[in-house]
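Step one of this worksheet: look at the structure below.
Here the structure is a predicted model, which means the values were calculated and not measured.
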Amino acid sequence: MNIEKIIKETKVIMIGMMVMGLILLLTGISFDLLDIHIIRNNRAIVGLSFIPLSVAIAYYLKLMRIKKSPQKMRENLVNENDERLVALRNEVDAKAFRITQGALFLTYLGYTFMFPEEIFESLGWWILLALLFV
């Protein structure tokens, strides 16, 4: 386990998320001030900026905990990087993905059969179809 590598990865992710969040925040604020309407409500762009900014803060706190007490964080780092545990987590994620995919397919079919007059006209139907294909 190489702590320097983990610290470097954490810094790269933190800086990337910070840049992305600031770009979204500044774009939303500038669109609002200049009265440019690419979407209906420019506040949605500002709201989206909080997601990467929150991720950046979480990675910053993780970095500070690693630097402050690396021995306490050693167990967490082993859990995140151990190949056996990662393989087990991937297997669980694959099962969860299959369950979600099945639920999405059933929702799509249910929506199609419950509201057949809205096929090709409703935005919800197109969103479900796009999610199903993605």
**Report entry** Residues, nucleotides or ligands: over 12 heavy atoms within 6.0 Å of M64 CE
**Finding:** yes
Query raised in the report: Are any of the side-chain heavy atoms of T27 and F31 separated by less than 4.5 Å?
Result: yes
Report summary line: NZ of K95 to OG1 of T100, rounded to nearest 0.5 Å, is 14.0 Å
Query raised in the report: Is I29 reachable from I51 through a run of hydrophobic residues whose side-chain heavy atoms are each under 4.5 Å from the next?
Result: no
Query raised in the report: Can you name the closest pair of heavy atoms from L24 and P52 and give their distance?
Result: CD1-CG, 4.2 Å
Query - Euclidean distance, L48 CG relative to L53 CG, rounded to 0.5 Å - result: 11.0 Å
Query - L25 side, atom CG; S49 side, atom OG - distance, nearest 0.5 Å - result: 4.0 Å
Requested in this report: Would you indicate whether the side-chain heavy atoms of I38 and I36 approach each other to under 4.5 Å?
Outcome: yes
Query raised in the report: Any chain of hydrophobic side-chain contacts (each under 4.5 Å) joining V46 to V19?
Result: no
Report summary line: So NZ of K11 and CD1 of I13: to nearest 0.5 Å the spacing works out to 13.5 Å
Query raised in the report: In the single-linkage hydrophobic clustering (I, L, V, M, F, W, Y; side-chain heavy atoms under 4.5 Å), do L33 and I23 co-cluster?
Result: no
Report task. Establish whether I57 and F50 are linked, either directly or via other cluster members, by ILVMFWY side-chain heavy-atom contacts under 4.5 Å. Result -> no
Requested in this report: State, yes or no, whether a side-chain contact exists between L63 and M14 at a heavy-atom distance under 4.5 Å.
Outcome: yes
**Report entry** Atom pair OH (Y60) and CE (M18), whose distance is rounded to the nearest 0.5 Å
**Finding:** 9.5 Å
Query raised in the report: Distance from S30 atom OG to D35 atom CG, nearest 0.5 Å?
Result: 12.0 Å
Requested in this report: May I ask whether F97 and L106 are part of the same hydrophobic cluster, defined by side-chain heavy atoms of I, L, V, M, F, W, Y residues being less than 4.5 angstrom apart, directly or through others?
Outcome: no
Requested in this report: Count the heavy atoms belonging to other residues, nucleotides or ligands that lie under 6.0 Å from OH of Y108, then report whether that count exceeds 12.
Outcome: yes
